[in-house]
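Here's a structure for you.
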Amino acid sequence: MINKKVANVSEALQGIQDNMTLMLGGFGLCGIPENAISELVKLNIKGLTCISNNAGVDDFGLGLLLQKRQIKKMISSYVGENDEFERQMLSGELDVELVPQGTLAERCKAAQSGFPAFYTPAGYGTEVAEGKETRAFNGKMYVLEEAFKADFAFVKAWKGDEAGNLIFKGTARNFNPSMCGAATITVAEVEELVPAGTLDPNQIHIPGIFVQRIFQGADYEKRIEQRTVRQKA
Amino acid sequence: MINKKVANVSEALQGIQDNMTLMLGGFGLCGIPENAISELVKLNIKGLTCISNNAGVDDFGLGLLLQKRQIKKMISSYVGENDEFERQMLSGELDVELVPQGTLAERCKAAQSGFPAFYTPAGYGTEVAEGKETRAFNGKMYVLEEAFKADFAFVKAWKGDEAGNLIFKGTARNFNPSMCGAATITVAEVEELVPAGTLDPNQIHIPGIFVQRIFQGADYEKRIEQRTVRQKA
Amino acid sequence: MLDKNGIAQRIAKEVKNGYYVNLGIGIPTLVANFVRDDIEVEFQSENGILGMGPFPFEGEEDADLINAGKQTITALPGASFFDSSMSFSMIRGQHVDLTILGAMEVAQNGDIANWKIPGKMVKGMGGAMDLVASAENIIVAMMHTNKKGESKLLKQCSLPLTGVGCVTKIVTNLAVLEIKDNAFYLVERAPGVSVEDIKQATEGTLIIDGEVPEMQL
Amino acid sequence: MLDKNGIAQRIAKEVKNGYYVNLGIGIPTLVANFVRDDIEVEFQSENGILGMGPFPFEGEEDADLINAGKQTITALPGASFFDSSMSFSMIRGQHVDLTILGAMEVAQNGDIANWKIPGKMVKGMGGAMDLVASAENIIVAMMHTNKKGESKLLKQCSLPLTGVGCVTKIVTNLAVLEIKDNAFYLVERAPGVSVEDIKQATEGTLIIDGEVPEMQL
């Protein structure tokens, strides 16, 4: 067993530098690497390019990095829940690349899997395809999209073991698995870190080979963005 | 819940015809759809093109179909455990397309995922790449490989539920998941079929959307091809 | 004339037994409320769930269980969770049988625009471009005209496109229409709406072939 | 001169702490027996296991747990199972640190042939083409000459290729060699083997740079 455990978030972020490209898991505020984001704020790393489906809200998630102007560029599919984001984008302080959600996931997954590029129908005939190769297969048009390159991937899982194996919970899984192994260094934070051999090898979503560092996260807030309920009859 | 349960293997194979293209899961004799193969033998379906990593042994797995000359063409990565296969291939009765193992898996997965084709480094500069488009990305050469098209996919899982959700066990997983949803009709046979709601939704390897028919298989032999043991010290 | 719930109710009739359905934000979300109880349907949300159930009861919300609109949800028996890559394999691989989504504009060639208004804050396309480019069966749910009273069924979209030639059916507050041969075919009128009303509200080519029935809800 | 176990023993020294390793069939399989106990290593088998352990004890074989050679195996603590697609993501994505496999021929430009002999039954390439095309760190384990006594280290492969320009290191019964600048660099001699012996057995360009040490096992 190759041990990937590090003592804490500080050790997990060793080597992080200004102007790096990061992948960050999560959909909205669900399944985001809360500890890694807090540490990025604390270290005040600047000039970041962040690949993440969303940009958080004003006072949580990636919004915390936006508040401190740590992000130079966002690569996302949907960024609409954040006033500070809007202000920085409209003023030109923040560069934004919008990518269809499935394409975003697959550009991560392609990096994980050693595929340099792939053809997807998403965005054909739209401004997303501008400047990109398009091509017909079996009479349907596709756009060639390239794998991402990133320095760090920060992911959040439910359970993990010292070998770096990860298990996700509910829809907090989302982009996290596809980002594992898609960057030079993948850092996984988990709610519960167990010894190797504890998890059923049949139930592991992401094998430890895709993870370089793992630590048990602390103080998860897991904020709900749109609390929606129904009334008991 | 959309119920995918059928009563038995006979119902599961409704619509199967001569000259169809089939995908069959398994690696060696591990994780093969034993019930579906037996039924294909019984129905004496002929002229089949079989996409399967291996071709079984003389008297088990796809070897049973070869014995009865039901297979016209095999698309596999390794076929070396079978004398009848060798005889038919050398005599020209059987057409064989050899495909690198990772390419075989991904040509199934591409069909599942709606990717028409993909670039892989496997086989570049070899006879596998002959007649195919090759292309450099970031200074490395890749071969363009196309998604498979198949009429039926036959897969074997450990547990499944009526909604078609599947869980695999050990290395019997292998090619089975990538073949689900990669053919017009996917038939899953399982060792244990349980009511919907019984399986933990976090632990499902293949969601039921990729499966059209599911049934509980019978009389699994699960033959071991290379029994290898060590001595107790 | 229908309200939003009426549009959702009419679309629910398009949901057939055995369908996997992806519902967009807005009117499409309401469709789930009107699907018949006696057919088997599963809802997919592209953030990673199949077999999505209703909103949770107060106090039973789970932060790890949301839909693509970031709302708290529940999972029904037979549900499964999966990652974003597999989710779009379902969509791109055409395993999802029906996609219902909103639009700002639809053109008579099937083009759709629903993600960007030049000069306004762009929130992003989310999964819409993947959905419209992949699905074989797309229904657009929208009001027939915009807030200024201008038609949203056009000869050609004026806004940046989300997808080309992909819409086949539209249900609005006024009508059900199908797109073929570069035209809108009027299929049904909303209760109390005349063919003339629909003509007035449709900028694109409208084909009226014989008597147009009033829709049954 | 080394026997097969000796070749495996020498290659085991190339296995470093923290390595994920894929072992081919034949001599490479033996390498696992010689890896030091005090380093952390995990073995990957491309049919879908990471953290592969030794063969099971008699009576503990599990038909659902085999390696790529179809042999019954065990799983160590921290192991995981996965499908073929993810397995080759590990390989193609260069997450596997070291690949050890056999060969029929290696050329001085790094080409390798190990899957097909024209006129003989072709069993297939299995995962070898994916492995050699993807791995950054490939060691070939083989006898220096074939059964007829002919060199397997050639100027150019005569057999159909498995991959081009991919081999960087070779360990044979006679020597350890590295491939660079279109030549075989002699790095170590096997115990009791002279430089002259190695020259005789090598058809390709052999570079001898100063004193060549005998290998330490």
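Computed over heavy atoms, backbone and side chain alike; hydrogens, waters and symmetry mates excluded. Letters A, B, ... are given to chains in the order of the sequence lines, protein chains preceding strands, and every chain is numbered from 1. Predicted model only: the values in this text are computed from it and were never measured.
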Under 3.5 Å, sequence neighbours excluded: what are the donor-acceptor pairs made by side chains of residues 175-182 of chain A?
{"residue": "A:Asn176", "atom": "OD1", "partner": "A:Lys156", "partner atom": "N", "Å": "3.1"}
{"residue": "A:Asn176", "atom": "ND2", "partner": "A:Gly31", "partner atom": "O", "Å": "3.0"}
{"residue": "A:Asn176", "atom": "ND2", "partner": "A:Ala172", "partner atom": "O", "Å": "3.1"}
{"residue": "A:Asn176", "atom": "ND2", "partner": "A:Arg173", "partner atom": "O", "Å": "3.3"}

- Query: With only heavy atoms counted, which part of D:Phe43 is less than 4.5 Å from chain A, the side chain, the backbone, both or neither?
  - Reply: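 Contact with chain A is absent: no heavy atom of D:Phe43 under 4.5 Å.
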
- Query: D:Met86 and A:Pro207: which non-hydrogen atoms are nearest, and at how many Å?
  - Reply: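 For D:Met86 versus A:Pro207, the nearest heavy atoms are SD-CD, 3.5 Å.
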
- Examine whether an atom of A:Lys109 lies under 4.5 Å from a heavy atom of chain D, and if so say whether it belongs to the side chain, the backbone or both; otherwise answer neither.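 When you check distances to chain D, no heavy atom of A:Lys109 falls under 4.5 Å.
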
- Query: Which bit of D:Glu42 is near chain A, if near means a heavy-atom gap under 4.5 Å: side chain, backbone, both or neither?
  - Reply: both

- Task: Select one option (side chain, backbone, both, neither) describing which atoms of D:Leu76 are under 4.5 Å from chain A's heavy atoms.
- Result: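 D:Leu76 has no heavy atom closer than 4.5 Å to chain A.
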
- Query: Where is the tightest heavy-atom contact between D:His95 and A:Gln112, given as atom of each residue plus distance?
  - Reply: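 In terms of heavy atoms, the two residues are closest at NE2-O, 2.7 Å.
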
- Message: Keeping D:Glu40 on the side-chain end and A:Asn3 on the backbone end, is there a donor-acceptor pair under 3.5 Å?
- Response: yes

- Point-to-point distance, once rounded to the nearest 0.5 Å, from CD1 of A:Ile2 to CG of D:Asp97: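 Rounded to the nearest 0.5 Å, the CD1-CG separation comes out at 7.0 Å.
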
- Query: Taking all non-hydrogen atoms of both residues, which atom of A:Asn165 and which atom of D:Gly78 are closest, and how far apart?
  - Reply: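 Of all heavy-atom pairs spanning A:Asn165 and D:Gly78, the closest is ND2-O, 2.9 Å.
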
- Could you look at D:Tyr20 and say if it's the side chain, the backbone, both or neither that has a heavy atom under 4.5 Å from chain A?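 Backbone plus side chain of D:Tyr20, per the 4.5 Å heavy-atom cut-off to chain A.
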
- Can you name the residues of residues 184-203 of chain A that have some heavy atom under 4.5 Å away from a heavy atom in chain D?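 At a heavy-atom separation under 4.5 Å, chain D is reached by A:Ala196, A:Gly197, A:Pro201, A:Asn202.
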
- Below 4.5 Å from any heavy atom of chain A, which atoms of D:Val96 appear? Answer side chain, backbone, both or neither. both

